Structures are given as C-alpha cells and as structure tokens.
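Encoded as structure tokens, the structure appears first; notes follow it.
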Amino acid sequence: MERYDFSAVEKKWQAYWEEHNTFRAENGSSKPKYYALVEFPYPSGSGMHVGHIKAYSGLEVVSRKRRLQGYNVLFPIGFDAYGLPTENTAIKTGVHPRQVTDNNIEKFSSQLKRVGFSFDWSRVVDTTDEDYYKWTQWIFLKMFENGLVFRDTTLVNYCPSCKVVLSNEDSQGGKCDICHSDIVQKNKEVWYLRITEYADKLLEGLKDVDYLPNIKLQQENWIGKSTGAFVNFSIKENDEKLRIYTTRPDTLYGVTFMVIAPEHPIIEKYRDSIKNIDELDAYKAECAKKSEFERTQLVKDKTGVKIDGITAINPITEKEIPVYISDYVMMGYGTGAIMAVPAHDTRDYDFAKKFGIDIIEVIKGGNIAEEAYTGDGEMVNSDILNGIDNKKEAIEKMLEVLAEKGIGEKGVQYKMKDWAFNRQRYWGEPIPIVHCPDCGMVAVPYEELPLKLPPVENFQPGSDGESPLAKIDSFVNCKCPKCGKDAKRETDTMPQWAGSSWYFLRYCDPNNAEAFASKEALEYWMPVDWYNGGMEHVTRHMIYSRFWHKFLYDIKETNTSEPYAKRTAQGLILGSDGEKMSKSRGNVVDPNDVVDEFGADVLRLYVLFMGDYEQAAPWSENSMKGCKRFLDKVWAMQEKITEGEEYSDKLRSAMHKTIKKVSEDIESLKFNTAIAMMMTLLNEVSAAGSMNKAEYRTLLMLLNPFAPHITEELYQVMGYEGVLNEQSWPEYDEALCIDSTIEIAVQINGKIKAKLNIPAEASQDEVLAMAKADADVAAAIDGKNIVKEIYVKGRLVNIVAK
RNA sequence: GCGGAUGUGGUGGAAUUGGCAGACACGCCAGACUUAGGAUCUGGUGAGUAAUCGUGCAGGUUCAAGUCCUGUCAUCCGCACCA
C-alpha cells in the first residue's frame with residue numbers, strides 16, 4: 001500500500017467529475033427532484049474563507065446523499081456580483097469593475113472546485129451578466145406596472161462615505177452596513193418598492209414553511225405587526241384633525257397631552273397661527289443635527305416644546321389637552337403623532353414628569369406616583385369602562401364607541417417600511433425608467449431590455465449624491481418611449497439586494513432567453529426543498545426574496561407562493577482566537593492553504609466535525625489533525641479487509657447502527673455526531689482486527705458525502721463494481737441495530753453500585769433477580785426494606801431500599 | 001428596555017429528550033518503534049488519598065435532573081423611544 005497522496009487523488013476525481021458531468025441536474029427527468037440551495041457568494045477580492053466552506057458543506061453532504069438515494073438533485077452555485085466593494089476596488093486601482101468581477105469569480109470558482117463541491121457548474125449565474133440582469137429589470141418593470149414602485153421625497157439614510165442612500169435594513173444601528181460609517185439623514189427623492197403591501201402575506205406565509213423557529217421569529221419581529229386604533233383628535237383653534245395611532249385604545253381616558261414628531265406637517269400648515277414658532281424651529285434644527293441613531297437611543301431625559309397655538313381636545317373626555325413636539329415621536333411610524341398616556345407608558349411618564357403634566361391612572365395595579373404601570377388590570381377613572389378588565393373588554397368596548405362616534409377605527413401598523421430601492425453608484429443594475437417632461441415616469445419597453453450599463457471612464461460618484469451615470473450624456477438623453485419627445489433616463493442603479501431576490505428561479509433554467517425561467521422548469525424544480533445560509537440574511541435577503549417571489553406568484557409567473565420550503569442557518573467559524581474572522585484581526589483562514597496542507601477531504605470533514613453545525617465554533621488546526629488521522633486510518637484499513645459479501649456476525653449490529661445514525665444525523669444537520677459515529681465504528685474495527693469487504697464498502701458509502709475523493713479512490717482500489725457516486729445509499733434494519741447482550745447499570749437509591757451484562761430480551765423479574773445476585777448489590781440492600789423496584793428496559797435498574 | 005441563544009473536563013463538543021454525564025476528537029501522561037520525532041502505534045486521562053463530589057449559581061419536583069419548575073448571574077447575537 002502506498003501512502004495516501006491526497007493531492008493527486010483529489011485532482012484525479014475532480015477531473016473525472018468534470019469530464020463526466022457527474023453532478024449535472026437534469027430538467028424534465030422522471031426521477032424525483034431535490035433542490036438544495038446555498039447562498040451564492042459575493043465575489044470579493046480577498047477570496048473565500050473557511051466560513052464559506054462550512055456554509056456550503058452542509059447541503060453538499062445532503063446533496064450527495066440525495067443523489068445516492070436516487071434523486072435528481074439541483075445543487076447550484078453562482079455569484080452575487082454587483083456591489084460597492086468591487087466598485088471601490090475599481091476606483092482605487094483603475095481596473096474596470098467588470099474585470100474586477102471576472103477576476104474574483106475566477107478565483108472563487110477555483111477555490112470551490114478544489115474543495116470538490118458537487119455543484120452543477122453548467123448553471124452558474126452571475127447577477128452582473130446582461131442575460132441575467134435583463135430579467136432583474138424585467139421583474140422591476142412588472143412591479144412598476146403593478147403599482148409597487150414609487151418615488152418619494154423623504155428623509156433618507158445616507159452614507160456620506162459610500163455616497164449612497166441606504167434602506168433601513170442596510171443601516172441598522174445607525175451605521176452603514178458596507179463601511180460602518182455613521183449614517184446621516186438627508187432629504188432626497190428616491191425609489192421605493194412597496195414591500196409593506198406584502199407585509200401580511202409575508203407574515204401569513206411563515207405558517208406554511210419549515211424554517212427554524214428563531215428564523216421565523218426574527219422575520220415576524222422584523223415585519224412587526226401591531227393592531228390598535230386610529231383616533232382623530234380635534235384642534236380647538238381650527239378645523240384640523242390630529243390623527244394618531246395607538247395600540248391602547250383602552251387608555252383613552254388617561255390621555256392628558258399629545259406629542260407630534262418635529263417634522264409633522266401640521267406645524268408648517270399653521271405656521272402663522274403658532275405663537276412660539278421660533279422656539280419650535282430652533283428645536284427642529286436641534287433635532288436635525290442628531291443622527292438617526294442618536295435619535296432612536298432610548299433616553300430617559302425627554303426633550304420637547306409645547307406648541308402655543310394648537311390645543312387638542314380629547315374626543316372621549318372632551319377636555320382640552322396641550323400638544324408638544326418631541327423627537328421621541330417618529331414621523332416614520334404610525335401617523336407621526338401620539339396620544340400620551342403618562343400613567344401607563346414609560347416614555348409618556350418621563351415626559352409628563354419633566355413638563356409637569358397631569359398623570360391620570362386608568363388601570364389599577366401599579367403605583368403611578370413612582371412609575372408608569374404598563375401591566376393589565378381593572379379600569380378606573382374611565383366613566384363607561386370603569387370596573388371592567390382592560391385587556392378582555394375595555395379595548396373592544398372603546399373600539400365600538402370610537403366607531404359609533406365616528407372618531408376612530410381599528411387599525412394595523414407594521415414596523416417594516418417600504419424598501420428604499422436605489423444606489424447612486426455605477427456598479428448595479430440600471431433602473432429602466434425614463435423621465436419625460438410630459439408623460440412623467442415611463443417604463444423602458446420590455447423589448448429594449450436589458451438596459452445596459454454604459455461604459456464610463458470615471459466611477460467616482462458625484463459629491464451631490466448623483467450617480468456617475470448622470471455624467472454620461474449619451475446615456476441620460478433619450479426619447480420618451482411613449483410620446484417620442486426628448487426625455488432623460490433615470491441614473492440611479494438598483495441596490496445590491498436586487499439580483500439575489502430571484503436567483504434561485506434562474507438556476508432552474510439559467511440559459512433561457514425567452515423568460516427568466518420556463519414554466520416547466522419552475523413547475524419541476526420549485527420550491528427550493530432546503531435552503532441554508534447565514535443568520536445575517538434572515539431579515540434582509542430572505543424577506544426581500546420572499547416578497548419578489550410572492551409578487552411573481554401573484555402575477556402568475558411562479559407556481560408556488562413561497563420560494564423556500566425549509567430554511568436552516570449555519571454558525572460562524574471564528575478565528576483561532578475566538579473572535580469573528582476578519583482581515584483586520586488577521587485571523588482569516590484561506591481554504592486553499594488547508595487544501596494544500598491537509599487535502600480537501602480533511603477540510604470538508606473538519607468544518608462539519610468541529611462542533612454543532614448551527615453553532616459558532618473557533619478554528620483549531622490541532623483538532624483538524626484528528627480528521628486527518630481518521631481518513632488515514634480509513635485508507636490504511638484497505639490492507640486488512642477480509643472476504644465477505646454479507647456483514648459478519650461480529651459487526652452486523654454496529655454496521656446497522658452506524659448506517660442509521662449517519663442517515664438520520666445528516667437530515668438534522670448533526671454532522672459532527674455522524675462523523676463521530678463513523679470514527680467509533682472504525683475504532684471498533686481496529687479492536688476487532690479487521691472488517692470484511694461488504695462492511696468496508698458500506699463505510700465508504702457513508703463517508704462519501706463528507707469525503708468524496710478518498711472514498712471514490714478506495715472504492716476503485718478495492719475493485720468494487722462501477723464508481724461510488726452511481727451506487728445507492730446503504731439501508732439499515734431497525735431490528736438489527738439491537739445487540740443481543742447489553743450492559744445495564746444497577747442503582748441502589750439512585751447511586752450506581754454495579755454494572756450487569758444481561759440478554760436484551762430479559763424480563764424485569766429476571767433482570768431484578770440478576771441484580772440482587774450481584775455481591776455489591778446484595779451488600780448494599782442487606783438488612784433494608786425494598787420500597788420500590790424500577791427497571792428501565794435496556795438502561796438501568798434502580799432499587800429503592802430503606 | 002424588548003426578543004433570541006448559550007453556559008458541561010485543560011480544549012472543541014456528546015448525552016436515545018427524565019434513565020450509567022463527559023461519546024467522538026484535540027491536548028496531556030506513560031510505553032513501543034526509531035539516529036531523531038512536531039511521524040506512527042498501544043495504553044491512560046473530570047476532581048479527590050478515600051468515602052465521595054461533580055453540567056454558571058440558589059432552591060424545588062422525582063425512585064432518578066445537564067434535561068422539568070421557580071429565582072438568579074454571566075456571555076453572545078438581533079431589535080430598539082414602534083405609540
């Protein structure tokens with residue numbers, strides 16, 4: 001036997017798979033289909049790190065197992081290549097983003113191929129490819145046609161460093177998701193997708209899918225549905241109604257003031273009749289200086305200014321109440337105005353204390369002299385509601401009253417906001433809209449798609465927040481598709497998330513020139529059976545892509561309402577220092593280095609063995625050695641294989657148990673214990689001296705999805721028939737997983753006193769008799785009364801004696 | 001503040017869901033083979049001399065608790081003045 005030359009063997013089988021198109025998925029096959037999807041990478045200049053490898057290895061194992069189980073498997077890969085880092089590289093180096101992208105994709109592909117992933121390389125998609133983004137634009141136009149696209153001038157999240165407007169999702173925590181600079185607020189006209197129209201559908205759809213519970217929860221929280229009421233408060237000085245949203249209509253009797261956001265339009269409208277307008281303007285200016293992040297920090301010390309000239313009337317008590325502006329009320333949620341109930345809301349309480357406003361208790365149960373009471377209880381000081389429970393009855397009753405009097409109605413609000421859909425940068429899909437002075441916004445005709453990204457000299461964005469495209473006259477100036485007059489093209493591009501919102505559909509039929517995918521292909525492949533990716537994409541990419549897919553379903557372009565039947569998430573690989581891997585910390589591990597030193601099979605095995613797949617785990621080169629040793633032992637075992645077409649008596653139950661464990665653990669992402677079980681089997685074999693041909697063959701089959709190169713090679717070396725990847729997954733028999741003799745523990749009063757080898761079939765009485773015959777046990781119960789005897793089949797005996 | 005997760009040997013982590021805690025692996029110790037070992041093989045390895053004690057901490061339920069209940073602490077990750 002020669003020493004295992006992993007490098008040569010891995011190259012050999014990778015070449016074989018490529019030559020034989022081993023992992024090509026077949027459209028229209030009669031086999032059952034299985035669609036396993038992993039998140040396609042952003043091809044950055046630094047290449048992949050081992051985190052990518054872990055992210056793909058999970059469904060890689062599932063895919064290889066499914067093929068052995070007789071499925072026609074679609075396990076595709078592609079590149080989500082539009083985005084700022086590439087463009088920034090282009091600006092810095094002067095190399096065109098197209099070239100940068102091609103180089104990076106090349107690098108990523110070669111890294112992936114070296115690991116031996118069984119992707120269908122004939123279906124690679126690249127979101128920056130004209131044949132791909134043609135359909136991204138096409139879907140955008142369909143949305144435009146269906147009223148889901150609009151422009152609005154609002155305060156937007158703007159990153160001064162990247163010079164782009166960001167969505168809420170991209171500016172969480174007040175930091176730019178790309179460069180981590182502080183976000184500032186800017187008034188700008190930008191594009192939006194009306195994702196809020198799908199809020200309910202996105203929420204409802206979660207009932208029908210198999211996502212991990214915490215993934216569902218995160219999405220639910222992100223959508224943030226709340227139910228309550230809209231109530232109109234009259235203004236004493238004029239005919240205006242101040243409309244508010246509340247989830248607590250039960251507390252209307254406790255409303256002692258109102259607060260509106262500093263940007264609330266009512267201030268501008270009644271500017272002339274507000275006596276302290278200078279003071280309000282000064283406060284507004286003060287607020288505008290704060291970043292969104294500062295403003296949303298929960299602060300105990302509330303600020304605000306009373307509006308002198310606008311007084312509201314509580315529609316239930318008909319009492320006059322003051323109106324304040326304060327930055328703790330946001331224009332972006334509800335109506336930008338609130339009714340304040342200081343007795344039962346901590347923010348209103350803080351504000352009332354500071355400004356000396358009345359606090360009226362309307363729900364019993366707390367001590368409002370000390371703090372706001374936000375719990376439930378019996379209504380007081382509330383006229384018609386007195387004495388009833390606030391949750392059970394008061395809300396319902398108040399809603400009836402509001403409806404009767406015509407001053408309010410039931411309402412629903414979402415935390416999710418419409419999707420700011422634009423970047424003022426070059427490297428993205430051009431938005432296919434023309435601005436015509438007469439016709440307004442006009443869609444580029446479908447037959448003119450793709451609207452190609454024009455070549456430019458200078459990718460640097462304008463300092464005024466204009467896209468570099470705005471500087472190219474030949475691109476900007478065009479004719480209106482509707483009336484033919486001179487018009488101007490939109491120069492914003494789409495945000496990074498656009499291309500990834502539908503890529504899983506393109507994989508089904510990647511070369512289709514007539515449609516984003518054929519109906520037949522979608523019918524056959526969709527939905528994705530299992531989607532695995534990172535937790536960080538649960539509230540962005542996942543929500544966006546579900547939205548696009550649901551829209552396409554509604555216009556009858558797709559056949560399933562949900563794109564992903566099942567979703568799981570892998571844990572991060574941390575650096576060996578226990579910190580998140582990052583270039584700046586210098587703890588990044590390059591898969592190429594590992595493949596060079598240990599081989600692809602060891603890398604694959606280790607990323608799955610290092611811990612719970614769904615949990616974060618630190619990288620350890622030492623631990624990886626264990627995987628290397630295991631594969632070396634599997635290799636060395638070839639010399640000790642004896643003849644035998646059936647499992648031997650000695651190893652039969654071990655074989656069945658191993659098949660069962662590995663088969664089941666793969667399905668529940670418990671790769672670490674699946675691998676441990678195979679190691680255990682090999683240890684047992686080493687102790688027994690040998691295994692036979694049938695047993696070895698099964699071990700190779702089970703190990704194949706994890707370590708495909710070495711197992712294929714051994715399969716060939718051993719002279720088994722055909723190639724391994726064309727065989728079938730081993731079967732097990734539940735009945736044969738049981739050993740004939742088992743060891744059980746004997747406890748006296750819960751303490752272990754002895755171990756006993758018994759026949760598996762022994763009855764309770766027989767086992768107890770055997771237990772009592774044991775010398776240690778007999779000594780322990782000598783002279784005591786046996787109170788209770790418990791036998792847990794196959795596990796233990798517990799005798800309670802006093 | 002709200003929500004979620006996690007807490008087990010020197011380390012990464014197992015534990016059939018209430019039934020022998022520490023599988024598997026790393027590391028370490030001893031031995032073998034070697035001119036050599038950061039290679040390989042064999043054995044040992046939670047703590048304690050012992051009885052015993054041990055799953056973040058304090059209680060509780062149970063014949064039996066890492067697992068269930070109550071309280072509490074710590075770490076990590078989301079969201080964050082959401083009316």
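By convention in this document, chain letters (A, B, ...) are assigned in the order of the sequence lines, proteins followed by strands, and residues within each chain are numbered from 1. Everything numeric in this text was worked out from a predicted model, so none of it was measured.
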Worksheet item: Which nucleotide in the set B:rC20, B:rG3, B:rC24 lies at the smallest distance from any side-chain heavy atom of A:A676?
Response: B:rC24
Fill in: Glycosidic conformation of B:rU40, taking syn as within 90° of 0 and anti otherwise
anti
Fill in: Torsion-based syn/anti label for B:rG9, 90° from 0 as limit
syn
Worksheet item: B:rA23 and B:rG44: how far apart are their P atoms, nearest whole angstrom?
Response: 12 Å
Response to the item:
From the list A:F6, A:F630, A:Y4, ring pair (Phe, Tyr, Trp, His ring centres under 6.0 Å) with A:W635 holds only for A:Y4
Practice prompt. Assess whether side chain to side chain contact (heavy atoms under 4.5 Å, CB included) is satisfied between A:I363 and A:D250, documenting all intermediate values.
Written response: CA-CA 9 Å; A:I363 296 169; A:D250 51 316; 3.7 Å; yes
Sort me out a list of protein N/O and nucleotides 61-67 of chain B N/O pairs below 3.5 Å, or just none if empty.
residue: B:rC63; atom: O2'; partner: A:N798; partner atom: ND2; Å: 3.2
residue: B:rC63; atom: O2; partner: A:N798; partner atom: ND2; Å: 2.6

Worksheet item: If the C1' atom of B:rA51 is compared with that of B:rA36, how far apart are they to the nearest Å?
Response: 48 Å
Response to the item:
Note: for A:M677 and A:L217 on RNA chain B, the residue whose nearest nucleotide lies more 5' is A:L217
Worksheet item: Looking across every strand, which nucleic acid part, if any, lies under 4.0 Å from A:K755 by heavy atom: base, sugar-phosphate, or nothing?
Response: base
Worksheet item: Considering only the P atoms, how many Å lie between B:rC2 and B:rA50, rounded to the nearest integer?
Response: 48 Å
Discussion item. With a 4.0 Å limit, can you tell me whether A:Y245 has a side-chain N or O closer than that to the phosphate oxygens OP1/OP2 of B:rA83?
Written reply: no
Worksheet item: Restricting to pairs with a member in residues 603-627 of chain A, which pass salt bridge (Lys or Arg N to Asp or Glu O under 4.0 Å), not counting sequence neighbours?
Response: A:E60-A:R604
With 3.5 Å as the limit, what N/O pairs link the protein to nucleotides 30-34 of chain B?
none

Item to complete: Could you tell me whether A:K628 sits above the aromatic face of A:F598, with NZ or CZ closer than 6.0 angstrom to the six-membered ring centre and within 45 degrees of the axis?
Response: no
Worksheet item: Do A:T256 side-chain atoms and A:D358 backbone N/O form a donor-acceptor pair below 3.5 Å?
Response: yes
Worksheet item: Counting distance only, does the side-chain N/O of A:Y283 pair as donor-acceptor with the main-chain N or O of A:D327 below 3.5 Å?
Response: yes
Item to complete: Using a heavy-atom cut-off of under 4.0 Å over every strand shown, decide if A:S620 touches base, sugar-phosphate, or nothing.
Response: nothing
Practice prompt. Classify the nucleic acid contact of A:I752 as base, sugar-phosphate or nothing, counting any heavy atom under 4.0 Å across all strands shown.
Written response: sugar-phosphate
Discussion item. In whole Å, measure the gap between the C1' atoms of B:rC53 and B:rU8 for me.
Written reply: 15 Å
Item to complete: Report yes if at least one side-chain N or O of A:N683 is closer than 4.0 Å to OP1 or OP2 of B:rA25; otherwise report no.
Response: yes
Discussion item. Between A:E263 and A:K284, does any NZ, NE, NH1 or NH2 come within less than 4.0 Å of an OD or OE carboxylate oxygen?
Written reply: no
Discussion item. Please enumerate all residues that pass ring pair (Phe, Tyr, Trp, His ring centres under 6.0 Å) together with A:F671, with sequence neighbours excluded.
Written reply: A:Y613
Worksheet entry | For A:Y245, all residues meeting ring pair (Phe, Tyr, Trp, His ring centres under 6.0 Å), sequence neighbours excluded | A:F230
Worksheet item: Given B:rC26, is OP1 or OP2 found less than 4.0 Å from the side-chain N or O atoms of A:R629?
Response: yes
Item to complete: For RNA chain B, produce a single dot-bracket line, 5' to 3'. Pairs: Watson-Crick or G-U wobble, both distances under 3.5 Å. Symbols: ( ) within strand, [ ] crossing, | other strand, . unpaired.
Response: (((((((..(((......[....)))((((((.......))))))((....))..(((((..]....))))))))))))....
Response to the item:
Protein-proximity profile, nucleotides 42-56 of chain B, B/S/- by nucleotide at the 4.0 Å heavy-atom cutoff, equals -----------S---
Worksheet entry | Sub-4.5 Å side-chain heavy-atom contact between A:Y328 and A:V259 | yes
Worksheet entry | Rounded interatomic separation in angstrom, taking CH2 from A:W222 and P from B:rG4 | 18 Å
Practice prompt. Could you pull out all residues at least two apart from A:K216 that satisfy side chain to side chain donor-acceptor pair (under 3.5 Å)?
Written response: none
Fill in: Expected output: side-chain A:K354 to main-chain A:K302 donor-acceptor under 3.5 Å
yes
Worksheet item: Separation of A:M637 atom CE from B:rC41 atom C1', in whole Å?
Response: 13 Å
Worksheet entry | A:D200/A:K225 ion pair, N-O < 4.0 Å | yes
Return all side-chain donor-acceptor pairs below 3.5 angstrom for residues 745-752 of chain A, not counting sequence neighbours, or 'none' if the list is empty.
residue: A:N749; atom: OD1; partner: A:A801; partner atom: N; Å: 2.9
residue: A:N749; atom: ND2; partner: A:A801; partner atom: O; Å: 3.1

In residues 785-794 of chain A, what donor-acceptor pairs under 3.5 Å come from side-chain atoms, sequence neighbours left out?
residue: A:E789; atom: OE2; partner: A:K772; partner atom: NZ; Å: 2.6
residue: A:Y791; atom: OH; partner: A:G794; partner atom: N; Å: 3.2

Can you tabulate the close N/O pairs, meaning under 3.5 Å, that link protein atoms to atoms of nucleotides 8-14 of chain B?
residue: B:rG12; atom: O2'; partner: A:M610; partner atom: O; Å: 2.6
residue: B:rG13; atom: OP1; partner: A:A616; partner atom: O; Å: 3.4
residue: B:rA14; atom: OP1; partner: A:N672; partner atom: ND2; Å: 3.1

Item to complete: Between B:rG78 and B:rG60, how far apart are the P atoms? Round to whole Å, please.
Response: 39 Å
Worksheet item: Does A:K306 NZ have over 12 foreign heavy atoms under 6.0 Å away?
Response: no
Discussion item. Going by salt bridge (Lys or Arg N to Asp or Glu O under 4.0 Å), name the pairs with one or both residues in residues 567-579 of chain A, residues two or more places apart or in two chains.
Written reply: A:E39-A:R567, A:E579-A:R585
